[in-house]
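Atom set for the values below is all heavy atoms of this structure, side chains included, hydrogens, waters and symmetry mates excluded. Please read all numbers here as calculations on a predicted model, not as lab measurements.
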Amino acid sequence: MPGFAHLHTVSGFSLRYGASHPERLAERASERGMDALALTDRDTLAGAVRFAKACAKAGVRPLFGVNLAVGEPVVARRERRRAPVRGGAFVDESAARVTFLARDGAHGWADLCAIVTAAHGGEDAPLLPWAGNHGDGLTVLLGPGSDVGRALAAGRPDRAAKLLVPWREVYGDALRLEAVWHGREGTGPGSLRLAARTVGFAAEQRVRPVLSNAVRYADPGQGQVADVLDAARRLVPIDPRKELDSGEAWLKDAQAMLRVAERVVEAAGYRRDTAHRLLEQTRATAAECLVDPEDDLGMGSVHFPEAHLVGAGRRTAQRALASRAAAGMVLRGYADRRDYWARMHDELDIIAHHGFASYFLTVAQVVDDVRGMGIRVAARGSGAGSLVNHLLGIAHADPVEHGLLMERFLSKRRLALPDIDIDVESARRLEVYRAIIGRFGTERVATVAMPETYRVRHAIRDVGAALSMDPADIDRIAKSFPHIRARDARAALEELPELKQLAGEKERYGKLWELVEALDALPRGVAMHPCGVLLSDASLLARTPV
């Protein structure tokens with residue numbers, strides 16, 4: 001069935017959760033004849049841009065979503081007992097999880113950003129309050145991890161029907177029941193019995209079902225990597241007595257999903273040809289989720305703070321910039337220098353060509369505010385080659401006197417937004433953040449996230465802990481390695497003299513090295529960038545979660 005679109009909810013690029021790369025997923029989707037693929041990371045939209053670029057390269061239409069823990073639809077939630085795990089931390093994963101997909105262009109994407117922001121509003125693990133669980137631009141998939149799915153797994157369709165009511169009231173026709181079969185026995189998540197119950201329950205309740213493989217990795221054989229990532233996220237060793245990844249959560253092609261659909265509908269008591277209807281419902285759901293990366297996510301476009309916030313008043317940003325530059329000429333004693341005037345007008349013409357006037361005014365405003373607080377601030381890098389930056393007070397050095405070239409910074413042939421790098425006193429960095437937020441408002445300002453990906457030392461520590469290795473051995477092995485990529489672990493054992501002793505113990509640790517290399521470059525965590533601040537217009541929160 002080449003070209004048939006399947007809605008695969010992919011958790012493969014989730015922070016500390018997935019086990020694959022978006023580029024590999026997009027490539028495999030194209031190779032296996034799929035024309036649509038959904039990324040539904042756990043708790044985050046951090047992989048969306050990378051995923052969109054990978055899909056564009058592979059010729060696959062991207063769908064965007066998120067998998068979130070959702071609070072109960074009651075005023076007072078039941079208190080849950082939390083058990084301590086390694087290191088004394090508490091990890092409560094008892095909340096039901098639901099998948100949300102952006103459906104209606106920019107409106108759907110804005111709703112997706114809003115619910116992710118709402119989910120991260122507390123001090124504990126991300127949890128979407130029921131009161132914030134709204135968005136008429138979203139499609140909702142209630143799968144095995146949802147409250148409805150758990151009730152069905154427990155053999156309580158009566159309770160599932162009651163739990164379905166508030167979801168139906170909020171989302172109506174945008175509600176779907178998600179069936180998943182990962183070859184498991186029993187009635188739990190990924191079992192044939194639960195998938196069949198889901199399809200039958202959907203028919204009884206007149207809610208459209210979809211078939212998903214709840215994809216976590218691109219190719220077969222990566223289930224153990226998913227187990228390690230789950231153990232690292234939950235801060236517990238892998239327990240072989242409990243549910244582990246079945247190894248079936250890979251990106252299956254159309255024929256494989258047709259076979260899954262046939263088994264599921266047969267187990268539900270329907271005729272085998274009903275499988276095509278189930279797949280058609282899935283395809284139709286994917287077709288409704290239309291979000292364009294350029295038009296709706298804003299990829300490739302720049303959004304500057306509004307001109308009136310950076311001193312333009314009722315003037316255009318370009319006129320305000322020209323006026324400030326001319327005032328700088330007088331202030332710095334260049335008023336009688338024709339070469340300076342010519343250079344200034346040339347630079348203003350280039351800035352106007354790109355429409356970057358608001359950018360220069362924004363940086364100048366930030367520099368003025370920081371300097372007004374008595375905090376040292378200085379520009380560095382190619383931005384110092386711009387006379388306009390010098391006239392605005394952003395850069396101290398006179399670029400004409402020192403022979404610095406504007407072309408290294410910006411020209412009409414260079415389309416990308418130039419970097420105006422400014423340094424401030426690190427000890428007073430938080431004061432600068434507060435001043436920027438005070439000037440522009442929380443709806444226009446965010447600090448930049450910094451992903452941390454697996455290299456060899458972190459990979460050894462997380463894999464070793466997941467495999468219940470002796471902590472002393474884990475520490476000794478990890479510290480023996482230089483700071484290299486995880487995928488080079490075994491090669492380093494063979495080639496580096498300082499690892500000669502470890503190479504002799506290679507067989508002792510068995511699966512360790514294979515799993516360490518499999519974690520290479522996967523996201524391990526995320527932190528606040530120590531220096532980066534994002535400034536935008538008032539549409540920021542509709543384009544990115546915070």
Side-chain angles (χ1 to χ4, degrees), residues 7-30 34 36-68 97-120 126 128 135 137-141 212 214-218 251 286 288-303 446-453 521-526 529 532 534 536 539-546:
L7 182 65
H8 283 287
T9 56
V10 181
S11 295
F13 187 53
S14 301
L15 296 172
R16 305 195 70 163
Y17 182 67
S20 197
H21 299 271
E23 291 84 0
R24 194 174 303 154
L25 288 163
E27 289 172 7
R28 296 297 186 270
S30 179
M34 298 168 59
L37 184 68
L39 181 72
T40 58
D41 275 350
R42 181 187 179 95
D43 300 329
T44 179
L45 296 174
V49 171
R50 186 174 166 189
F51 174 68
K53 291 179 178 179
C55 285
K57 185 177 180 180
V60 175
R61 182 172 68 85
L63 283 68
F64 301 95
V66 66
N67 182 269
L68 291 175
R97 301 196 68 88
V98 176
T99 297
F100 299 85
L101 294 170
R103 185 180 67 252
D104 296 329
H107 178 51
W109 175 255
D111 284 345
L112 206 59
C113 292
I115 64 171
V116 174
T117 297
H120 287 263
L128 178 63
L138 301 174
T139 293
V140 176
L141 307 184
S212 161
V215 175
R216 298 190 61 187
Y217 32 89
L251 195 65
E288 292 171 1
C289 296
L290 297 173
V291 177
D292 184 88
E294 285 76 27
D295 295 342
D296 301 327
L297 270 67
M299 287 176 57
S301 58
V302 183
H303 301 262
T447 53
V448 179
M450 181 177 65
E452 177 189 31
T453 56
L522 288 174
R524 182 176 188 263
V526 67
H529 193 283
L534 181 66
S536 179
S539 68
L540 175 67
L541 299 185
R543 288 182 286 104
T544 183
V546 296

For this session: List the steps and the verdict of side chain to side chain contact (heavy atoms under 4.5 Å, CB included) for T44 and V526.
Result: CA-CA 11 Å; T44 179; V526 67; over 6 Å; no
For this session: Determine, step by step, whether V49 and M299 satisfy the side chain to side chain contact (heavy atoms under 4.5 Å, CB included) criterion, reporting the C-alpha distance in whole Å, the side-chain angles of both residues, the deciding distance to 0.1 Å, and the verdict.
Result: CA-CA 8 Å; V49 171; M299 287 176 57; 4.0 Å; yes
Problem set entry | Check against side chain to side chain contact (heavy atoms under 4.5 Å, CB included), L141 and S212 | CA-CA 10 Å; L141 307 184; S212 161; 5.8 Å; no
For this session: Starting from the C-alpha separation in whole Å, work towards a yes-or-no answer on salt bridge (Lys or Arg N to Asp or Glu O under 4.0 Å) for E288 and R103.
Result: CA-CA 6 Å; E288 292 171 1; R103 185 180 67 252; 5.4 Å; no
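Here the side chain of H120 pairs a donor or acceptor atom with the backbone of D43 at under 3.5 angstrom. Proximity of a side-chain donor or acceptor of T117 to a complementary backbone N or O of P545 within less than 3.5 Å is not detected.
Residues forming a side chain to side chain donor-acceptor pair (under 3.5 Å) with R61 (at least two apart in sequence, or on another chain): none. When the side chain to side chain donor-acceptor pair (under 3.5 Å) test is applied to E23, the partners found at least two apart in sequence or on another chain are R50. Under the rule for a side chain to side chain donor-acceptor pair (under 3.5 Å), H529 has no partner lying at least two apart in sequence or in another chain. Judged as a side chain to side chain donor-acceptor pair (under 3.5 Å), and not counting sequence neighbours, S30 has no contacts. Looking at residues two or more places apart in sequence or on another chain, you find no ring-ring contact (aromatic ring centres under 6.0 Å, His included) involving F100.
Looking only at side-chain heavy atoms (C-beta outward), F51 and L37 come within less than 4.5 Å of each other. Between C289 and T139 the shortest side-chain heavy-atom distance falls below 4.5 Å. Contact annotation: the side chain of L297 approaches that of F64 to within less than 4.5 Å [non-hydrogen atoms, C-beta and beyond].
Rounded to the nearest 0.5 Å, atoms CG (L63) and CG (L101) are 6.5 Å apart.
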Sequence neighbours left out, cut at 3.5 Å: what donor-acceptor pairs do the side chains of residues 105-112 make with other protein atoms?
from: H107; atom 1: NE2; to: D136; atom 2: OD1; distance (Å): 2.3
from: W109; atom 1: NE1; to: R543; atom 2: O; distance (Å): 3.0
from: D111; atom 1: OD2; to: D136; atom 2: N; distance (Å): 3.4
from: D111; atom 1: OD2; to: G137; atom 2: N; distance (Å): 2.9

